[in-house]
Amino acid sequence: MFKEYDPLKNKIFRVMDDSGKIINPKWIPDMKVEEIVTAYKKMLFSRVADLQIVSYQRQGRIYTYPPNYGQEAITGAAGAAIRQNDWLVPAFREIGTMMAKGVSLKEIFLYYMGYEEGSNFKNASQVLPVSVPIASQLLHAAGIGYAIKYKDEKKVVFAFVGDGGTSEGDFHEALNFAGVWKIPVIFIIQNNQYGISTPVKMQTASSSLAVKSVAYGIKGIQVDGNDFLAMYRALEEGSRLCLSGDGPVLIEAVTYRKGAHTTSDDPTKYRTKEEELLWEERDPLKRLKAYLISKDLWSEQEEEKILPQYREEVDRQFQEAESFGEYKKEDIFIHLYSEMPDDLLEQKNQYDRFLQWKESRFNNQKK
Amino acid sequence: MFKEYDPLKNKIFRVMDDSGKIINPKWIPDMKVEEIVTAYKKMLFSRVADLQIVSYQRQGRIYTYPPNYGQEAITGAAGAAIRQNDWLVPAFREIGTMMAKGVSLKEIFLYYMGYEEGSNFKNASQVLPVSVPIASQLLHAAGIGYAIKYKDEKKVVFAFVGDGGTSEGDFHEALNFAGVWKIPVIFIIQNNQYGISTPVKMQTASSSLAVKSVAYGIKGIQVDGNDFLAMYRALEEGSRLCLSGDGPVLIEAVTYRKGAHTTSDDPTKYRTKEEELLWEERDPLKRLKAYLISKDLWSEQEEEKILPQYREEVDRQFQEAESFGEYKKEDIFIHLYSEMPDDLLEQKNQYDRFLQWKESRFNNQKK
Amino acid sequence: MKIMNMVNAINDALDIKLYDDKNVIVYGEDVGVEGGVFRVTEGLQQKYGVTRVFDSPLAESGIVGTAIGMAVAGLRPVVEMQFCGFIYPAFNQIISHATRMRNRSRGKYETPIVIRMPYGGGINALEHHSESMEAIFGHIPGLKVVVPSTPHDAKGMLISAIESNDTILFMEPKRIYRAIKQEVADGKYTIPLGKANVLSQGSDVTVVAYGAMIREVQRAMVMAKEQGISVELIDLRSIYPIDRETIAKSVKKTGRIITVTEGPRSFGVGSEISQIAIEEAFLSLEAPPSRVSGFDTIVPLPRGEYHYMQDPYKILYEIERIVKY
Amino acid sequence: MKIMNMVNAINDALDIKLYDDKNVIVYGEDVGVEGGVFRVTEGLQQKYGVTRVFDSPLAESGIVGTAIGMAVAGLRPVVEMQFCGFIYPAFNQIISHATRMRNRSRGKYETPIVIRMPYGGGINALEHHSESMEAIFGHIPGLKVVVPSTPHDAKGMLISAIESNDTILFMEPKRIYRAIKQEVADGKYTIPLGKANVLSQGSDVTVVAYGAMIREVQRAMVMAKEQGISVELIDLRSIYPIDRETIAKSVKKTGRIITVTEGPRSFGVGSEISQIAIEEAFLSLEAPPSRVSGFDTIVPLPRGEYHYMQDPYKILYEIERIVKY
Ligand SMILES: Cc1ncc(C[n+]2csc(CCOP(=O)(O)OP(=O)(O)O)c2C)c(N)n1
Ligand SMILES: Cc1ncc(C[n+]2csc(CCOP(=O)(O)OP(=O)(O)O)c2C)c(N)n1
Ligand SMILES: [Mg+2]
Ligand SMILES: [Mg+2]
């Protein structure tokens, strides 16, 4: 597949067309039908969550949040392809994959409500926290890949970055180290056409992002990131290559950020209605749904039935997060070092003394 | 040429073979014979200087120095191709090109004798000082390229980096910015096979360094860096492209560092005699000399005659540098800011007071 | 005169200098079409075109590194780091080149670059969006680091910065980007860099602060006054070079000095101010020069941030402690 | 017991930990085949193989960034920055990730990484090869910064560093890499990080120093003694965390304190030590805590470097000044 879709040929890998019709039967992934339905439902859940978060944000109940809206086929396919033993190194727009690895929506909420605790994934192993400094996380993925190879484990690292992230030096260093080390890492670029307001053509003059793999002597492929079946198949193939020692691989997943960059962004400043409508046609859920309906695996009725359940579930987890309770001030100090240095302990104690003073001095005033 | 030698074809651009015989007449550069002879003589001078510096260093008369030995065809060709108006952004192994731009050997000596004054090129304009932090200078080249384009000047930037330097994030960012901005910069990689002790195959898994141009949507070519005619022709072509708005370009010049990394390095630790002998065969001066002799443009006799003159000239400039005189302590303070801040002035004054005290206290002791 | 907030004032300064001098170039992530994530550069691309005000690729080392090249070639780049927490990829270019090129070339090449950067906490932002690491930059030889605390200062200081031939880190207290409005003079004026500003005269204790902390101190001063404590407030304005003279004069008068900063405590700006106070006024000191600052910890996410931030109470607490010392 | 210089002692510590623990991995530029430009890792690749001791591509962010990944996945990387002046490309990975991963994940992921780095001047090196920017690193929350001053300390401190679950910047004073030889105990021993070492008891003035400056102070002390001045010398050993207690105890006794460092003066380690002294011992102070340091300038090239460096005379000058204060 990586040969047939060598990025130098400038071909994009697709399995279905925009209407959900199979156009490339050769590469249909070998998934059980229930697996595809399950994946679709997870994508739907992720979308419901996203849309609801945006409205929570408008109500002032959560801080800045970067929606995954429109990119669910990528994160959903990665969620379906990643195994319990594999590592996930997210950027910050991968809730679908994080949830598949066992991160709860409540934890995601906690994080965006401003609690560090949201990154302490209780039921997810081998998932790194969200990485805010763009592209820096790819080097962590390469290091994990080295450790896997060194320990001779059968694991793969799924590492994410955005199109904008490909401009950072760390992108280059990570792919270069990975190429030299020949380690099992799948680098997935979510090319959603923009880095905030900056279109991808202002990030680079290369013919695609996938073609950058050539610079590192690694395999690369450009995939229709709104085509769940293609994404899954490419990731599966990438996994296989990694496990057989033929990694790393670079997957450029072409998609579109349907929502705003974050809840504090206004995309009308930098993109047109026409463009948005064009991509509306290619919506990943719409396409997979059409495919499933055509196979009689899904129906509008089922969807209508399930949506309220999802909304409720999202709301339930949101409310759980909301009732997480007071931020414990100790939490600021305890995780800096394996043992708290005296100086830090003294700062903590000073702060306690201040709080006592404040309490006694202003006890009838508000905090 | 950049099409014919597209780096994806894995062909190296050569005009002469290892014995100096023309094998690719189509691409012989359009140079006057005297120009070639002049270039050869400059390369010879650069080599004489290099060899003498190594011996000065052994005598403890100069500090660490990175010889250009074996790479003279690249820096010589760049010296011949660069115009008065063009910018030169060196790494630290380009004395040939620097001298062509008007930097004196004396200045180069001063720098490696530990005087900042050695980077204040009196008769060379548009030459940046040596850049020690690997690859960082390429971004300066890109910025200069932007300024040239912005001011609509007819200038080209010649920017150098080593093979090891291609691993740094700044290499990536510089080529990427240059590609997006479409600016007149020739990036020249002196691939001398090693970054200190690390062979280039441990720097990257890509099929060549030239092929990295693909990642930036710019033209690239791999050139035999020990073939003066090929190097000159490629640079000339690169210049032309840059001037016509079709830049930037990336030139990988394949060469070999015949000497040590610096005068404090011992290459026998990491490379074999056989390898050194192999490259001895490809020595750039030997090849160009054979070519010139075959054309009756040069002779062993002329060389024998000129060598002592060069040695003397090098020595003369070295001795001039040696008699440069005391380091002025003011020099430490004056160039930090456009105006010296009070605090810095006070530090300088404090130091003067200290020196007076020391003088009066220990005036009969040695400094 | 117009009523402006700091965002307007900075935009006005950029506008004036872009108009003034064709060599001024403004770029960075999302500063063009969008006008920056805080809208500081809004409208400038429309006015001056895409070759003078534009979006760069997402790469901070690239932004500062290319600015060095532009500056060497005669332009006057004003670049933006999107947030304080994202300047670090550019650290090498700042410390190894921007601040050294003049010295290295013995004055031949100058690097008139302004690096603008919102900094500081208190806006309920994501991780890496609330930091105040000015002390690190103060330690870099060849760099100037300045921080305005009002719209008026922001405009005048930014114009000075753009006109200076030095590399200047221009730190913008984003917490008060829109919180403070005041009359700002039309047209061009400059405020010299490196000079502190005595905002209030006082006799009991000197408080040194800058940026968003000024407002917090002023609130604390209201409470202190109720206790009969007279505070002299110095807006430092410039982290480097530091205005020793103004500090010295004030602490000689009050005998007491407190520095209020947002960043981590150890190796922070407070220590440097204290050092200056003891060097300049040891015999006048009636209490140890002290500091109110963040902890030696990472800035907590929004729910915990108020523990970390300096507020009027923390400042008052320290004022009372030092005055009673 | 063997007579060792610091290079041997560090090599020995690495050897011991590589032997001890299969999770220890040593890499960096030229550390494998060549054994590092200072030969600190000599022989280790031959002994432990290319998967455990190896040359990395030339990319500092890459080196530290991958070390974070390795550490999270259970390894204990010990990486080398070739010179102090080349750590800056890795700055973002250090300040944004290595020092934050535990905090960010609430203890779930640790980053036991040692970043070894030769630093300091006095060896007639090229530009960027002589710097001492430890103060910057001291300001980074979550990082430990340590500096040995003898072969014995180097070995014991490095073993402690490798065994620690924190990220540690291990700064090696390259000027005394081979200049000091002493008996070093065989086999494994540790020296706790974060504790200073009182090298000489004295009564007139406390001098705090570390790394290569210790030797300079000791030379100054010989001259001071001739003047009848008794110096208490503290080897700080750890820049962060700082051993406040040892400093406090000493300055309470002597009433005077001087910090000797190589880096730029402003925002340097000296200011922080002074701040600690005034916080802990204000009422015992008989002179202002002061500092002997580099200027706020770039380290000059070799011909001018001696102006910048601290030598016994500069230290003696300050000792006399402070004692007479
Ligand atoms: C090093 C760094 N610089 C700048 C930012 C601010 N920033 C946050 S998201 C973003 C755009 C990212 O674009 P892209 O990589 O395409 O990811 P997307 O947001 O589209 O998923 C920027 C510039 C950052 N987080 N990190
Ligand atoms: C950022 C940085 N890291 C490390 C070094 C130390 N160093 C000096 S030269 C060198 C190798 C450079 O290799 P290459 O780019 O191939 O250039 P060459 O020396 O072969 O000309 C290294 C690692 C440096 N100068 N800068
Ligand atoms: Mg994007
Ligand atoms: Mg090389």
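For a residue to count as touching a neighbouring chain, one of its non-hydrogen atoms must lie under 4.5 Å from one of that chain's; by this rule Leu209(A) does not touch chain B. Within the 4.5 angstrom heavy-atom criterion, no atom of Leu175(B) approaches chain A.
Across Ala215(A) and Ser206(B), no two heavy atoms sit closer than the pair O-CB, 3.2 Å.
In this view, Asn24(A) and Tyr5(A) satisfy the side chain to side chain donor-acceptor pair (under 3.5 Å) rule, not counting sequence neighbours.
Against chain A, the residues from residues 155-171 of chain B that qualify, each with a non-hydrogen atom under 4.5 angstrom away, are Thr166(B), Ser167(B), Glu168(B), Gly169(B), Phe171(B) in number order.
Of the listed residues Asn176(B), Leu8(B), Val211(B), the one with more heavy-atom pairs under 4.5 angstrom with chain A than any other is Asn176(B). Of the residues considered (Lys212(A), Lys182(A), His172(A)), His172(A) shows the highest number of contacts with chain B, using heavy-atom pairs under 4.5 Å.
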